[in-house]
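Just below is one structure, and these are the notes that go with it.
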Amino acid sequence: MWFSSYKLLEKKKLTPDVYEMIFSDWNETTNKPGQFMTFMLPKTKFGRAYSICETSNDKYIFIIKRVENGRWWSIEITDLEVGEELKAVWPSGHFVLKENNKAKMFLATWVGLAPLYNQLKAVADLWLTYKTKLIFGLREKADLFYAEKFEELKEKINFSYEIYFSKEEVEWYKHWHITEYLKSENIAGYEEFYMCGSPYMMDEAIEKLENLGIPRENIHNEKF
Ligand SMILES: Cc1cc2nc3c(=O)[nH]c(=O)nc-3n(C[C@H](O)[C@H](O)[C@H](O)COP(=O)(O)OP(=O)(O)OC[C@H]3O[C@@H](n4cnc5c(N)ncnc54)[C@H](O)[C@@H]3O)c2cc1C
């Protein structure tokens, strides 16, 4: 197992409880699209996994949700000050983008977007031409982040997206859970499915996809 130190270079609040945190990568570690890093948090002395959302030159970008009623790890990491350093295990994990030309649909709730955005960025960086679609679910409009990045992806690759708010009806957006989208007419033409987010969403999505005839080996998921 390989550890390195990563310095927090920037911290930005994207929504009331989601932070974008940019760490340095002086060690030039490599990652496959969809992998995570395990940060060792100095106060609580435990490791916590965070999916790599984006890499840019010598930087790793993460999106981290502050869970106020959790066991403190997300609070400790989002409380870090710019300039502080953390030890982390090099990128690992098997939830990676498959190297094939199959059209792919991505299903994310909240910060479950992180590994999926990393995979979509890889599609763009490699100039891959197959069809991609993201279905992104949040509670309400105030939770929305990265909408501008989805528009940028549309300029670069064969990409479309739908955003759902479960607790608010907003014009131009879909209302209710993202699993509502999983109907035969909507998934027609998509061969592989990648999903990350709430375990409840993923269980329901897997069941619906299997009932629609998608083989389990074409459904890939990461549980937080
Ligand atoms: C492979 C992997 C990748 C991960 N990547 C990310 C990531 O990119 N961004 C991120 O914010 N977290 C990510 N997580 C979750 C992260 O490791 C922590 O579990 C999270 O920060 C909460 O820790 P906590 O101690 O504050 O709360 P915990 O005590 O661990 O959790 C408290 C409650 O919050 C729920 N919860 C945990 N994480 C989330 C979440 N992200 N959104 C909503 N509810 C949650 C738990 O199910 C639990 O009910 C990832 C986890 C794994 C295993």
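Atoms within each ligand, like the ligands themselves, are counted from 1 in listed order. For the numbers below, each heavy atom of this structure counts, side chains included, while hydrogens, waters and symmetry mates do not. These figures come from a predicted structure and were not determined experimentally. Along the sequence shown, residues carry numbers from 1.
- Under the 3.5 Å distance criterion, the side-chain polar atoms of T38 are left unmatched by any main-chain donor or acceptor of G47.
- For atom 9 (N) of ligand 1, the protein comes within 4.0 Å by at least one heavy atom.
- Heavy-atom contacts from other residues, nucleotides or ligands closer than 6.0 Å to CD of E148 number more than 12.
- Listed by atom number, the atoms of ligand 1 under 4.0 Å from W73 heavy atoms are 24 (P), 25 (O), 26 (O).
- Within a 4.0 Å radius of atom 16 (C) of ligand 1, the protein contributes at least one heavy atom.
- At a threshold of 4.5 Å between non-hydrogen side-chain atoms, the residues M201 and H177 do not count as touching.
- Under the 4.0 Å distance rule, the nearest protein heavy atom to atom 5 (N) of ligand 1 falls inside the cut-off.
- Ligand 1 has at least one atom lying under 4.0 Å from a heavy atom of W72.
- Protein heavy atom closest to atom 24 (P) of ligand 1, with residue, atom name and distance, is R71 N, 3.6 Å.
- You'll find the side chain of K32 stays beyond 4.5 Å of the side chain of L97, heavy atoms only.
- Between the side chain of Q35 and the main chain of G93, a donor-acceptor pair closer than 3.5 Å is present.
- Atom numbering of ligand 1 starts at 1 in the shown order; those under 4.0 Å from a heavy atom of I64 are 11 (O).
- Contact analysis puts K223 in contact with ligand 1, with a non-hydrogen atom separation below 4.0 angstrom.
- Distance check for atom 48 (C) of ligand 1: every protein heavy atom is found at 4.0 Å or beyond.
- The main-chain N or O of T78 is found under 3.5 Å from a side-chain atom of K11 such that the two form a donor-acceptor pair.
- Of all atoms in ligand 1, listed by their number and element, those nearer than 4.0 Å to a heavy atom of A114 are 8 (O).
- Of the options W2, F39, Y60, F36, a ring-ring contact (aromatic ring centres under 6.0 Å, His included) to W90 is made by W2 and by none of the others.
- Side-chain contact between E54 and K149 is present, with heavy atoms from C-beta onward closer than 4.5 Å.
- Listed by number with element, the atoms of ligand 1 under 4.0 angstrom from any heavy atom of F36 are 1 (C).
- The environment of NZ in K98 is crowded: more than 12 heavy-atom neighbours from other residues, nucleotides or ligands sit within 6.0 Å.
- The closest protein non-hydrogen atom to atom 7 (C) of ligand 1 is F224 CE2, 3.5 Å.
- For the residues E68, R48, E76, the heavy atom positioned nearest atom 23 (O) of ligand 1 is part of R48.
- Protein heavy atom closest to atom 20 (C) of ligand 1, with residue, atom name and distance, is Y50 OH, 3.8 Å.
- Taking the side chain as every heavy atom from C-beta outward, N211 and K208 never approach each other to under 4.5 Å.
- Residue K65 holds the heavy atom nearest to atom 11 (O) of ligand 1 of all those in E222, K65, M37.
- Between the side chain of H175 and the backbone N or O of E168, at least one donor-acceptor pair lies under 3.5 Å.
- For atom 35 (C) of ligand 1, no protein non-hydrogen atom is found at a distance below 4.0 Å.
- Every atom of ligand 1 with a heavy atom of I63 under 4.0 Å away is listed here by number and element: 7 (C), 8 (O), 9 (N), 10 (C), 11 (O).
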